[in-house]
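Report on the following structure.
In this chain, residues are counted from 1 in sequence order.
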Amino acid sequence: MKRMSLVKPVLVAAMLGVGSAQAAPDAAEVLAASPIDEIVEQYPAMLSQGIREGLKSRGEVPPMVADTVGYVVSSSFSAAKIEQRIITDLQARLSSEQLEAVHEWYGTPVARKISAAEIAASAPEAWQNIQARAPELNRKFKGSTKAGMFERFDRAARATESAVDTTIAVQLGLATAMSALSSESVHYEQLEQRIESQRGVLRGVVGQQVYDSYLYTYENISTQEMGLYLDFLESPAGKQFSRVITTSIQQAVMDPVESIGRQMSRFLSPAPAGGQ
């Protein structure tokens with residue numbers, strides 16, 4: 001994967017008596033080798049698009065206001081900050097051996113092929129294709145080995161769990177923006193509690209969407225290649241890597257949400273009568 005400004009320089013090989021040994025990769029190198037950095041780059045646009053379309057579909061605000069809300073949301077999230085948080089957490093929570101194992105996996109041809117598919121499917125514009133092809137792909141893979149591998153994948157990659165967390169972040173951002181446009185005074189904590197109470201319902205809806213995305217993303221990945229991927233995800237290093245990634249992204253996405261309402265008030269609240 002392409003390297004970004006966050007990626008640290010390659011560690012200098014440590015001298016061990018006669019000769020030298022290559023230093024283990026650090027967290028920034030591991031992130032750069034994985035598809036995660038490029039997927040995270042899509043998050044601000046994805047969150048902005050989700051909230052903007054949600055507002056427009058409700059018809060509760062003019063399209064221009066919905067676009068303004070989308071702009072505020074997009075500017076509230078920083079892919080660079082999310083990536084930096086991931087790097088910090090990976091460095092703290094993975095051993096050097098685990099970092100090396102993850103780095104080695106992402107250097108394999110199979111991993112590179114799978115990573116390319118995941119990056120392509122993570123683009124905001126890909127969602128329409130996923131929805132459009134869902135009925136076709138569900139019929140195509142019904143009863144297949146790949147369909148049977150989904151539960152194993154979902155559990156190992158924490159896919160549905162992560163998607164539900166992201167959906168809740170989008171819903172919370174949308175509710176926060178709407179409360180800023182309303183005369184009703186609702187505290188952020190109340191909004192969060194109200195939306196969290198819907199987690200069970202969201203899980204059912206999001207679970208189907210995750211399955212549709214799984215079929216679309218890995219359509220051209222063979223069952224043998226998928227098996228190798230699952231072996232990695234279920235390994236101690238892969239499991240810890242997935243756990244840290246999903247937790248870090250969830251926290252980094254949720255952190256700015258509370259400030260959205262305040263920004264919306266500044267953008268959209270009318271100036272006081274007689275004000276300068």
Side-chain angles (χ1 to χ4, degrees), residues 1-2 25 30-43 46 86 90 94 97-167 203-250:
M1 301 305 105
K2 66 185 178 62
V30 170
L31 185 64
S34 80
I36 303 302
D37 58 348
E38 296 189 52
I39 291 173
V40 164
E41 280 190 56
Q42 308 283 356
Y43 266 72
M46 178 190 70
I86 292 171
L90 286 174
L94 267 69
E97 291 79 10
Q98 288 174 326
L99 288 171
E100 186 167 7
V102 174
H103 192 267
E104 286 181 359
W105 158 254
Y106 281 115
T108 65
V110 170
R112 287 195 292 269
K113 179 180 178 181
I114 290 173
S115 295
E118 290 176 338
I119 291 168
S122 71
E125 58 270 19
W127 179 238
Q128 288 185 339
N129 291 333
I130 293 172
Q131 290 177 305
R133 296 199 60 208
E136 168 207 342
L137 292 176
N138 273 262
R139 289 191 299 270
K140 175 181 177 180
F141 288 106
K142 184 176 181 180
S144 68
T145 301
K146 183 169 290 183
M149 299 171 89
F150 172 72
E151 286 190 17
R152 186 181 166 196
F153 164 81
D154 193 33
R155 185 170 54 252
R158 301 162 65 93
T160 298
E161 178 183 347
S162 177
V164 169
D165 288 335
T166 302
T167 301
R203 185 173 182 85
V205 175
V206 171
Q208 180 61 50
Q209 294 174 344
V210 170
Y211 179 66
D212 294 341
S213 297
Y214 163 84
L215 295 181
Y216 178 89
T217 303
Y218 305 109
E219 179 182 9
N220 297 317
I221 304 299
S222 70
T223 54
Q224 181 182 12
E225 291 167 334
M226 204 67 201
L228 292 173
Y229 187 28
L230 294 178
D231 288 342
F232 161 71
L233 291 174
E234 291 171 342
S235 70
K239 190 179 298 184
Q240 183 66 357
F241 179 74
S242 295
R243 182 180 295 113
V244 172
I245 291 295
T246 54
T247 300
S248 298
I249 289 176
Q250 177 195 358

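Between A33 and Y106, the shortest heavy-atom distance links the atoms O-CB, 3.5 Å. Between V102 and A237 the shortest heavy-atom distance is CG2-O, 3.9 Å. Heavy atoms only, all atoms of each residue included: N220 and K146 are closest at N-NZ, 4.4 Å. Listed here is the closest heavy atom pair of E118 and P35: OE1-CG, 3.4 Å. L90 approaches L99 most closely through the heavy-atom pair O-CD2, 4.3 Å. Counting all heavy atoms, side chain and backbone alike, A132 lies closest to P135 at O-CD, 3.7 Å.
Note that the OG atom of S213 and the CD atom of Q208 stand 10.0 Å from one another [nearest 0.5 Å]. One distance of note links CD1 of I245 with OG of S162; it measures 10.0 Å at 0.5 Å rounding. Annotation: the span from D231 atom CG to W105 atom CH2 amounts to 8.0 Å, rounded to 0.5 Å. Taking CD1 from I221 and NZ from K113, the interatomic distance works out to 5.0 Å, rounded to the nearest 0.5 Å. Between Q209 atom CD and I130 atom CD1 the span is 9.5 Å, to the nearest 0.5 Å. Distance check: L233 CG to D154 CG gives 11.0 Å after rounding to the nearest 0.5 Å.
Using a 4.5 Å heavy-atom threshold, the side chains of F241 and I36 count as touching. With contacts defined as side-chain heavy-atom distances shorter than 4.5 Å, the pair T247/R158 qualifies. For the pair L94/V244, a side-chain contact is recorded, criterion being any heavy-atom separation below 4.5 Å from C-beta on. By the 4.5 Å heavy-atom criterion applied to side chains, L137 and D212 are not counted as neighbours. Side-chain atoms of E161 and T246, non-hydrogen and from C-beta on, never get closer than 4.5 Å to each other. Between I119 and E41, the closest side-chain pair of non-hydrogen atoms is not below 4.5 Å.
Not counting sequence neighbours, Y216 has no partner by the ring-ring contact (aromatic ring centres under 6.0 Å, His included) test. Residues passing the side-chain hydrogen bond (donor to acceptor under 3.5 Å, both in side chains) test with Q250, sequence neighbours excluded: none. Applying the ring-ring contact (aromatic ring centres under 6.0 Å, His included) test to Y211 and every residue at least two apart in sequence or in another chain returns F150.
Counting only distance, with no hydrogens or angles, the side chain of S235 and the backbone of F232 share a donor-acceptor pair below 3.5 Å. Although no hydrogens or angles enter the test, the distance criterion places no donor-acceptor pair under 3.5 Å between the side chain of S242 and the main chain of K239.
Counting non-hydrogen atoms of neighbouring residues, nucleotides and ligands closer than 6.0 angstrom, the CD atom of E125 exceeds 12 such neighbours. Within 6.0 Å of CD in E151 there are 12 or fewer heavy atoms belonging to other residues, nucleotides or ligands.
The aromatic rings of Y229 and Y218 sit tilted, their planes meeting at an angle between 30° and 60°.
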